[in-house]
Engineer: 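Let me give you the structure first, and then I'll get to my questions.
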Amino acid sequence: MAGSVNRDNLWQRVAIATPYLWLLLFFLIPFIIILKISLADPVIAQPPFTPTFDEQGALSISLDNFRFLLTDDLYAITYLRSVVIAGIATLLCLALGFPMAYGISRAREQTRGLLLLLIVLPFWISFLLRVYAWMGLMNNHGVINNTLLWLGVIDAPIQMMYTDIAVFVGLVYSYLPFMVLPLYATLERMDLDLVEAAQDLGATRTRAFWDVTWPLSRPGVVAGCMLVFIPAMGEYVIPYLLGGPESLLIGRVLFDEFFVNRDWPLASAVAVVLLLLLVVPIVILQRNQARDAEAAT
Amino acid sequence: MEYKQEQSKAAQEENSSFIRISNVSKHFGDFVAVDDVSLDIGKGELFSILGGSGCGKTTLLRMLAGFEVPSGGSIEIDGLDVTRLPPYERPVNMMFQSYAVFPHMNVEKNIAYGLVKDGLPKNEIRKHVDEMLELVQLGDFRRRKPAQLSGGQRQRVALARALIKKPKVLLLDEPLAALDKKLRERTQFELMNIQYETGITFVVVTHDQEEAMTLSSRIAVMDKGQFRQVGTPKEVYEFPDNRFVAGFIGTINTFHGSIASISEETLSVYSDELQLTLPALGTHPVEVGQEVDIAVRPEKIFLSRDEPDNPDDVRIQGVVDDLGYLGNRSLYRIRLANGKIVQVSSQNRRRSVTRFLEWEDKVWISWRPRSAVVLVD
Ligand SMILES: Nc1ncnc2c1ncn2[C@@H]1O[C@H](COP(=O)(O)OP(=O)(O)OP(=O)(O)O)[C@@H](O)[C@H]1O
Ligand SMILES: [Mg+2]
């Protein structure tokens, strides 16, 4: 008896420990390494940064890299641009994804599976290929322009490639499923009686949506927005392939510092700041939610 | 006939038909959920719709509430044709089978919701909410979220929320189904009190016949989308209109037979099963020779060791096949000579440790001539 209880306990602990172990191995340790590099100085050597402890064993770290990020406006502007672009892309995804998720969750059971399949279908093709396909569509001599020219709607090709528009198209297209799926999960679970109860008590359809459906889908909205905003913030491929040279985003800066300038310490500092920019609002959000839940008790 | 005298009191009092359901049907594709139903419900009635699972009770209620549009027919409430009105324009509120209490609002906000939508001033809403909280005894819980309430408390929030708009009609879909037995009994009487105090017309859907019997002024027994009988609990119980109603409400013993003779007062039926001619009350026009069932309730049958002496009574001999002690009453299964089992229920008026009857004891069963009814279809 006692043995089996102990074993149950052990398994319980293993089950609880697994995600923490995962985070430790693949998130915390790499982060500490990056943090360590960000506090070093660049050198032309292998590896290209000074060690944390010098030959005498004394700690040799500096905040120079972070200071440099503050002195050059380029970084602040790029961070801001990234936040704005990722933010707008997230809102666009929400605006498109909510009606989609809502429609799927209210569709007949047989159709639902098919519609969900269509949402995840693009994942079967390599991400890079799909972005290239958009280049083919949006080029000056691409499918869209050629069709419009042929139809006589326009006289000259519209410049779509290498603009912010193209970046938004790429971002929204790529991340929409990450918005739709969590939204669908919350909407599908929602008790439809609640909406009818609101209507019964005098709310029109629209009113009932804003009073009941929308607040109750908040967990899905929050999850979807995070799943879109976070990767969109660090996105490199889409702005690189679809955006113009002047549309500098933080992912691009990060890449250039690492691989073009080979300034690992500065690149690491950029990454650390990016992480803080993402983590701090999430922590605040979660604090708020916890406080809401507590206030309810 | 007795049936005529038993005519529903409620129906006589409420000659005005407050809710008028005329030839209402609802089709879902090929499936007919509600089949050409007509019904008048009087003002202030506590009316129950009773039926088994899937018989169309909820569908009918949803048409009254405005969530389904009838495929045919019309619904009038207090002289207003509401057949096609959306839910938020009807003078009707509904208490859902699932209660549908808003999980993101506290008790107070849930109850106030209907009045907020009506745009009442804040202080007035507050006054009404306080009244409702008192009515359903939830004053101490006003700031709680539904997740922190028990099932019975949630049920009362749902009730208060539906009552606060003082609807002309309150629809209740299985209001007590989710509660345990004790709470259900108590809540039954609370519901009746609240209905009496507010004077609002209640239409209650239930699959629990006992609940329907205790609660209602009248009952409609529903099967496969149609009403099989509408009447007071007493009418439906004592004078079931047909075999379905007889079998659905309570237990009943039936014997096959055919009409032997017809008199002003009673019918006389020859039962081939019992090889006896029995008196029975009829509620439908019949002809001599027509095949019918004779039905007797278990509690209308008396048991005795010696042959009963009243010659008018129906008397049959049998043996005790099985017996069960239920505290307040005992149930017996009596096997007749032809092997047929008759159920008898008797009150345990005297306390005794020794049983009055044992297995395989010879007994006489008997019932009064007016205790049996004839079932035609
Ligand atoms: N929207 C719908 N589409 C198709 N069929 C439906 C729909 N709503 C109800 N039905 C069918 O209509 C029939 C009656 O349903 P209803 O919900 O009225 O039953 P009920 O009497 O309330 O049963 P229960 O006691 O189980 O709640 C059922 O067979 C159900 O499957
Ligand atoms: Mg139902």
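All chains are named by letter (A, B, ...) in the order of the sequence lines, taking the proteins before the strands, and each is independently numbered beginning at 1.
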Engineer: Taking side chain as everything from C-beta outward and backbone as N, CA, C, O, which of these in A/Arg205 sits under 4.5 Å from a heavy atom of chain B? Side chain, backbone, both or neither.
Structural biologist: backbone
Engineer: Would you find more than 12 non-hydrogen atoms of other residues, nucleotides or ligands less than 6.0 Å from A/Arg207 atom CZ?
Structural biologist: yes
Engineer: Assess whether atom CZ of A/Arg218 is packed by more than 12 heavy atoms of other residues, nucleotides or ligands within 6.0 Å.
Structural biologist: no
Engineer: Compare every heavy atom of A/Ala203 with every heavy atom of B/Tyr88, then report the nearest pair and how far apart it is.
Structural biologist: CD2-O, 3.3 Å
Engineer: Quick test of your reading of the model: are B/Arg90 and A/Asp200 salt-bridged, counting only N-O distances below 4.0 Å?
Structural biologist: no
Engineer: Any side-chain to backbone donor/acceptor pair from B/Lys165 onto A/Leu201? Under 3.5 Å, distance only.
Structural biologist: yes
Engineer: Which region of A/Leu194, side chain (C-beta onward) or backbone (N, CA, C, O), has a non-hydrogen atom less than 4.5 Å from a non-hydrogen atom of chain B, or is it both or neither?
Structural biologist: both
Engineer: Quick check on B/Met95 against chain A: is it the side chain, the backbone, both or neither that has a heavy atom closer than 4.5 Å?
Structural biologist: neither
Engineer: So for atom CZ, which belongs to B/Phe28, do other residues, nucleotides or ligands contribute more than 12 heavy atoms lying within a distance under 6.0 Å?
Structural biologist: yes
Engineer: Would you find more than 12 non-hydrogen atoms of other residues, nucleotides or ligands less than 6.0 Å from A/Phe127 atom CZ?
Structural biologist: yes
Engineer: Below 4.5 Å, heavy atoms only, C-beta onward: do B/Met94 and A/Glu196 meet side chain to side chain?
Structural biologist: no
Engineer: By the definition side chain to side chain contact (heavy atoms under 4.5 Å, CB included), identify the one residue from A/Leu216, A/Val212, A/Asp191 that meets it with B/Phe102.
Structural biologist: A/Val212
Engineer: Taking atom CZ of A/Phe123 as the centre, does the number of heavy atoms from other residues, nucleotides or ligands within less than 6.0 Å exceed 12?
Structural biologist: yes
Engineer: How about CG on A/Leu278, more than 12 heavy atoms from neighbouring residues, nucleotides or ligands closer than 6.0 Å, or not?
Structural biologist: yes
Engineer: Let me know if B/Val101 has heavy atoms under 4.5 Å from chain A in its side chain, its backbone, both or neither.
Structural biologist: backbone
Engineer: Around B/Glu134, counting heavy atoms of other residues, nucleotides and ligands shown, do more than 12 lie under 6.0 Å from its CD?
Structural biologist: no
Engineer: Between B/Tyr113 and A/Asp211, is there a side-chain heavy-atom distance shorter than 4.5 Å?
Structural biologist: yes
